[in-house]
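All of these numbers come straight from a predicted model, not from anything done at the bench.
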Amino acid sequence: MKKITGIILAAIIAISTYPAFAATIPDHQGTSMEDVEIGTEKLNSAVRSYSYLFKKAGDQYGVDPNLLAAICMQESSGRNLSLREDGTEYPAWGIMQIEYSMVETFAAFGKRTTGKKWTREDRLDEEKAIPFAAYLISKALIRYDCDYMKMIQSYNFGQVILDRIIEEKADDWLDERENAVEYTDPEWPYKTYGDPLYIEHVLRYYHNDIEYSGAKVRMNGELIDFDDQYPLLETRSGKTYTLIPIRGVSEALNSNVKWDGKNQKVEIKKGRHTMTLYVDSDVAYFDGEECYLDMPAMIKNNRTMVPLRFIMESFDLDVDWDGETRTVEILK
């Protein structure tokens with residue numbers, strides 16, 4: 001955590017000026033920064049160059065790719081460079097400056113996702129570093145219930161210290177950033193939070209570069225952590241539908257879900273009821289009765305995704321959609 005903290009603070013110092021874009025931050029009612037200038041044309045170009053990776057990792061781990069791109073690229077900008085074998089500089093992808101503090105976590109993540117442990121040198125591989133960065137951010141967002149400001153501040157100042165201030169000051173925790181030293185141990189090196197509006201800056205800057213298709217799901221108000229694949233938004237015939245991984249179905253419904261890879265079939269059992277769906281098929285079966293789907297099940301990021309609303313309402317759960325925060329609300 002201290003290593004990441006130092007990197008992010010260094011990134012804030014490294015920021016230069018470039019026209020900002022207006023953006024909406026889901027689940028956050030922060031102070032408007034209409035005239036913020038941040039970033040460089042070089043960084044903006046780099047984000048576009050790797051936009052497919054930011055989008056893929058962002059969708060998979062439920063992180064807005066604008067946020068992921070901003071953190072990775074700002075932290076790599078002219079600060080955390082490594083050298084290729086030919087001596088040219090290469091960005092080590094910001095939050096993925098694992099060095100020694102996160103090497104075991106990084107190795108375990110590689111083993112879980114690819115079957116092979118990743119080394120410290122693998123942080124230079126954007127195909128590995130960016131997904132891991134998205135994974136780390138997703139865990140922080142779950143911890144702080146998708147409050148982007150708290151997440152960034154937890155990295156900037158340390159989770160323990162931030163939690164102390166939040167507990168003490170509740171909704172007024174941002175006002176205490178200048179007095180944060182009161183809640184720290186005497187040897188704590190930081191006197192302030194850093195910039196509490198940093199996340200607004202970076203989201204505005206990258207807002208127009210990457211389109212986000214991810215979504216969040218809450219069950220009775222509680223945010224669901226999907227671990228390795230978050231819900232996605234897919235559009236068909238002009239309408240947008242939320243697809244949820246089958247593991248998420250099991251947790252949300254407290255049901256038994258089986259996957260038959262050979263026949264590309266999903267079977268969901270809850271109580272006396274059974275639903276059967278087939279990948280890429282518009283036809284499903286509920287207790288043996290044929291049903292027609294507006295959006296079929298499909299494979300995304302090597303995960304089987306199924307239509308959320310159709311399944312939840314079939315099992316008599318109420319489903320609502322908040323477009324502003326891109327959140328599906330499920331009520332049991």
Quick one, Trp321 and Arg326 - any side-chain contact, counting heavy atoms below 4.5 Å? yes
So, the side chain of Arg143 versus the backbone of Met151: is there a donor-acceptor pair under 3.5 Å, distance only? no
Going hydrophobic residue to hydrophobic residue with side-chain gaps under 4.5 angstrom, can you get from Ile166 over to Leu223? no
Could you tell me whether a side-chain N or O of Gln264 sits under 3.5 Å from a main-chain N or O of Gly261, the two making a donor and an acceptor? yes
Could you walk me through whether Leu243 and Met295 pass the side-chain contact (heavy atoms from CB on, under 4.5 Å) test, one step at a time? CA-CA 9 Å; Leu243 296 175; Met295 172 63 68; 3.7 Å; yes
Just by modelled atom types, is the Thr325 backbone N or O under 3.5 Å from a matching donor or acceptor in the Thr327 side chain? yes
Checking side-chain contact (heavy atoms from CB on, under 4.5 Å) against Leu317, which of Leu253, Ile311, Leu331 comes through? Leu253
Do side-chain atoms of Arg309 reach the backbone of Thr242 as a donor and acceptor pair under 3.5 angstrom? no
Report the relative orientation of the aromatic rings in Phe132 and Tyr135; use parallel for angles under 30°, tilted for 30 to 60°, perpendicular for over 60°. parallel
Rounded distance (nearest 0.5 Å) linking atom CG of Asp320 with atom CE of Met312: 14.5 Å
Check whether any side-chain N or O of Asp147 sits under 3.5 Å from a backbone N or O of Tyr144 as a donor-acceptor pair, and report yes or no. no
Find out whether Pro307 and Tyr241 are in side-chain contact, i.e. whether some heavy atom of one side chain is under 4.5 Å from a heavy atom of the other. no
Hey, what do you get for CE (Met298) to CG (Leu277), rounding to the nearest 0.5 Å? 12.0 Å
Below 4.5 Å, heavy atoms only, C-beta onward: do Asn256 and Ile268 meet side chain to side chain? no
Assess the side chains of Ser255 and Ser250: does a donor N or O sit below 3.5 Å from an acceptor N or O? no
Side chains of Pro231 and Phe226, heavy atoms from C-beta outward: is any pair under 4.5 Å? yes
Any non-hydrogen side-chain atom of Tyr230 less than 4.5 Å from a side-chain atom of Val63? no
Looking at Asn302, I'd like to know if its CG atom is crowded, meaning that more than 12 non-hydrogen atoms belonging to other residues, nucleotides or ligands lie closer than 6.0 Å. no
Value for OG (Ser281) from CG (Leu293), rounded to nearest 0.5 Å, stands at 7.0 Å
The test is side-chain contact (heavy atoms from CB on, under 4.5 Å); show your working for Trp118 and Asp125 and say whether it passes. CA-CA 10 Å; Trp118 292 346; Asp125 182 350; over 6 Å; no
So Tyr61 and Phe109, would you call those rings parallel, tilted or perpendicular, with 30° and 60° as cut-offs? tilted
Is any side-chain heavy atom of Thr304 less than 4.5 Å from a side-chain heavy atom of Val266? yes
Output for pair (Met219 CE, Asn254 CG), nearest 0.5 Å, gives 9.0 Å
Shared ILVMFWY cluster between Tyr278 and Ile299, side chains joined below 4.5 angstrom? no
Tell me if the CD atom of Glu167 is crowded by more than 12 foreign heavy atoms within 6.0 Å. no
Interatomic distance, Trp173 atom CH2 to Ile165 atom CD1 [nearest 0.5 angstrom]: 8.5 Å
Backbone N or O of Asp228 within a donor-acceptor pair of the Gln60 side chain at under 3.5 Å? yes
Check the surroundings of atom NZ in Lys270: do more than 12 heavy atoms from other residues, nucleotides or ligands lie under 6.0 Å from it? yes
Test side-chain contact (heavy atoms from CB on, under 4.5 Å) applied to Phe106 and Asp122, step by step: CA-CA 9 Å; Phe106 186 53; Asp122 284 331; 3.7 Å; yes
Any salt bridge linking Lys139 with Asp227? Criterion: basic side-chain nitrogen under 4.0 Å from a carboxylate oxygen. yes
Would you say Ser213 and Lys55 are linked by a side-chain donor-acceptor pair, where the criterion is simply a distance under 3.5 Å? yes
Check whether any side-chain N or O of Asp282 sits under 3.5 Å from a backbone N or O of Tyr292 as a donor-acceptor pair, and report yes or no. no
Say whether, by atom type as modelled, one donor and one acceptor occur between the side chain of Asp260 and the main chain of Lys262 under 3.5 angstrom. yes
So, do Lys269 and Glu267 sit near enough that their side-chain heavy atoms are less than 4.5 Å apart? yes
Determine, step by step, whether Arg218 and Ile224 satisfy the side-chain contact (heavy atoms from CB on, under 4.5 Å) criterion, reporting the C-alpha distance in whole Å, the side-chain angles of both residues, the deciding distance to 0.1 Å, and the verdict. CA-CA 6 Å; Arg218 295 183 185 276; Ile224 297 178; over 6 Å; no
Inter-residue atom distance Gln229.CD - Asp59.CG, 0.5 Å rounding: 7.5 Å
I'd like to check Phe310 versus Met275 (side-chain heavy atoms, cut-off strictly below 4.5 Å). Are they in contact? yes
